[in-house]
Amino acid sequence: MAKVFHYGGVHSGCGTAAVVWFILYTALITKNFIKVRDGDSLANLIMSYILVTLLCTILAAAHPQFRVIFHDYFEAGHRFAGWTALIIFWTHNVLDARVEAKLEGISWGMYIVHSPNFWCFCVSTSCTLLSWSRLRPRDVYPEVLSDHAIRLHFKYMPMQPFYGLKISTRPLLEWHAFATIPDEDENGKINGFSIVVSNAGDWTREIIMNPPKKLWTPGYPLHGLLYTSRLFKQIVVVATGSGIGPCLSLLYADVIPQRVFWSTPAPEQTYGKKIIKVVLKADPDAIIWNTREKGRPDMVALTYQLVLESKAEAVFIISNPKLTKKVVYGMETRGIPAYGAIFDS
């Protein structure tokens with residue numbers, strides 16, 4: 001179960017398989033058109049090739065290297081190309097129904113309502129409309145931590161631990177995912193939640209320099225990788241820099257015995273005493289490594305040391321892709337299950 005979250009790729013894998021199947025379908029109707037040529041078959045064929053071109057373009061743009069360099073363009077293109085493909089699929093479905101209905105000698109309306117494709121598109125379109133109908137602008141209460149990080153508080157719903165949320169200033173163009181941290185009132189009751197945003201690019205830099213009063217959110221939040229930590233009795237949590245943000249929900253929940261290893265430059269000056277307090281509350285002996293004073297640590301060696309000391313069953317790491325792969329490999333070669341958020345998870 002934890003490996004499913006670690007590896008990810010279900011969405012892209014299903015999409016790639018579907019495109020391959022549609023290419024084979026297009027080859028089949030091309031063969032049929034060569035045998036029987038008429039206006040409806042030609043229109044159906046043209047739509048099929050338009051869809052193949054569009055879908056292959058989406059796949060090519062989803063290549064990891066392109067996504068890293070042109071992420072905003074990928075996200076906007078993926079979204080609008082997907083909507084365009086859905087509209088063309090509806091048109092294609094109607095044209096295909098006309099061709100098949102003529103062959104079977106029935107009305108195309110009768111054929112289409114008995115077609116599985118029609119009902120699949122109804123479900124697909126309904127899911128798309130439902131998703132966007134739940135889009136809402138939410139009030140934001142910013143708490144500036146430093147010139148490198150900001151904590152954004154939301155009050156519109158109480159949020160339990162282990163959830164993640166996407167936010168946006170331009171919902172049609174880009175979305176950014178963050179782990180949520182439950183906020184408590186003076187009585188210890190959850191009355192909202194917050195997210196920690198650190199400077200990792202143009203969008204996050206703008207959020208820090210000009211804190212927003214409102215942000216867009218989609219539907220209900222979803223569980224992330226760290227939710228699977230509940231499968232284990234003892235774990236080691238590893239984070240670098242702003243990777244502590246997604247871990248704070250896990251640390252707040254305090255439902256699993258854990259050791260914490262956090263490596264970051266100037267932790268207190270960058271993230272504030274409140275964040276440090278949450279970390280130390282979850283693990284009073286946490287290793288909070290200040291890289292400005294001590295330099296870069298040997299992440300694999302120190303993580304392994306914590307595993308041995310605590311007899312942990314697994315390691316969870318939130319860091320950059322390169323270090324995540326290094327630590328996961330280092331632990332797994334020592335026989336220790338390790339999981340981290342990878343590119344497509």
Side-chain angles (χ1 to χ4, degrees), residues 4 8-33 36 38-62 74-137 163-168 170-175 177 216-223 344-345:
V4 171
V10 173
H11 177 79
S12 56
C14 291
T16 302
V19 172
V20 171
W21 277 110
F22 194 79
I23 290 174
L24 295 176
Y25 164 78
T26 303
L28 180 62
I29 63 172
T30 300
K31 179 182 177 181
N32 293 339
F33 176 75
V36 181
D38 59 47
D40 289 335
S41 297
L42 177 61
N44 185 30
L45 186 65
I46 292 173
M47 284 294 174
S48 296
Y49 275 98
I50 291 175
L51 278 169
V52 166
T53 303
L54 192 60
L55 296 175
C56 287
T57 301
I58 293 175
L59 282 187
F74 155 76
E75 189 171 348
H78 193 78
R79 181 170 295 113
F80 290 113
W83 291 346
T84 303
L86 187 60
I87 294 171
I88 296 176
F89 263 120
W90 270 109
T91 307
H92 174 272
N93 197 40
V94 172
L95 292 173
D96 181 64
R98 287 171 62 91
V99 173
E100 297 298 330
K102 187 183 297 184
L103 294 176
E104 295 185 16
I106 59 175
S107 68
W108 72 271
M110 182 63 68
Y111 177 87
I112 203 170
V113 296
H114 286 89
S115 168
N117 289 346
F118 172 76
W119 297 108
C120 284
F121 287 133
C122 284
V123 172
S124 179
T125 304
S126 298
C127 289
T128 301
L129 295 175
L130 178 63
S131 174
W132 285 92
S133 68
R134 300 167 72 182
L135 187 68
R136 298 289 186 275
Y163 281 97
L165 181 74
K166 288 186 176 182
I167 58 174
S168 179
R170 302 182 298 169
L172 291 179
L173 298 178
E174 58 179 335
W175 286 90
W216 292 88
T217 66
Y220 200 76
L222 300 174
H223 288 302
D344 200 37
S345 60

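Note that these values count all heavy atoms, side chains included, but never hydrogens, waters or copies made by symmetry.
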ring-ring contact (aromatic ring centres under 6.0 Å, His included) partners of W83, counting only residues at least two apart: F80, W132

Point-to-point distance, once rounded to the nearest 0.5 Å, from OH of Y111 to CG of D96: 5.5 Å

Pairwise distance CE(M47) to CG(L95) - rounded to 0.5 angstrom: 6.0 Å

Check: R79 side chain, L172 main-chain N or O, donor-acceptor pair, under 3.5 Å: yes

Listed partners of H78 passing ring-ring contact (aromatic ring centres under 6.0 Å, His included), at least two apart: F74

Counterpart residues, side-chain hydrogen bond (donor to acceptor under 3.5 Å, both in side chains), relative to T217 (two or more places apart): R138

Side-chain donor or acceptor of E75 paired with backbone N/O of W175 under 3.5 Å: yes

Spacing of CD1 belonging to I58 relative to OG1 belonging to T16, to within rounding of 0.5 Å: 11.0 Å

C127 backbone acceptor or donor facing S131 side chain under 3.5 Å: no

Where F22 and L55 come nearest, the two heavy atoms and their spacing: CD2-CD1, 4.3 Å

Shortest non-hydrogen contact between L135 and P171, atoms and distance: CD2-CB, 3.9 Å

I50, I46, L45, L51 screened by side-chain contact (heavy atoms from CB on, under 4.5 Å) with H92, the one that passes: L51

Salt bridge (Lys or Arg N to Asp or Glu O under 4.0 Å) partners of E100, counting only residues at least two apart: none

Distance (rounded to the nearest 0.5 Å) between N32 CG and I29 CD1: 8.0 Å

CH2 on W108 to OG on S115, rounded to 0.5 Å: 12.0 Å

Where G164 and P221 come nearest, the two heavy atoms and their spacing: O-CB, 3.0 Å

F33: partners by ring-ring contact (aromatic ring centres under 6.0 Å, His included), with sequence neighbours left out: none

Exam field: side chain S133 to backbone L130, donor-acceptor pair closer than 3.5 Å: yes

By side-chain hydrogen bond (donor to acceptor under 3.5 Å, both in side chains) - contacts of T125 (at least two apart): W90

Close side-chain approach of R136 and W216, heavy atoms under 4.5 Å: no

Close side-chain approach of S48 and V52, heavy atoms under 4.5 Å: no

I23 CD1 to Y49 OH distance, which is reported to the nearest 0.5 Å: 10.5 Å

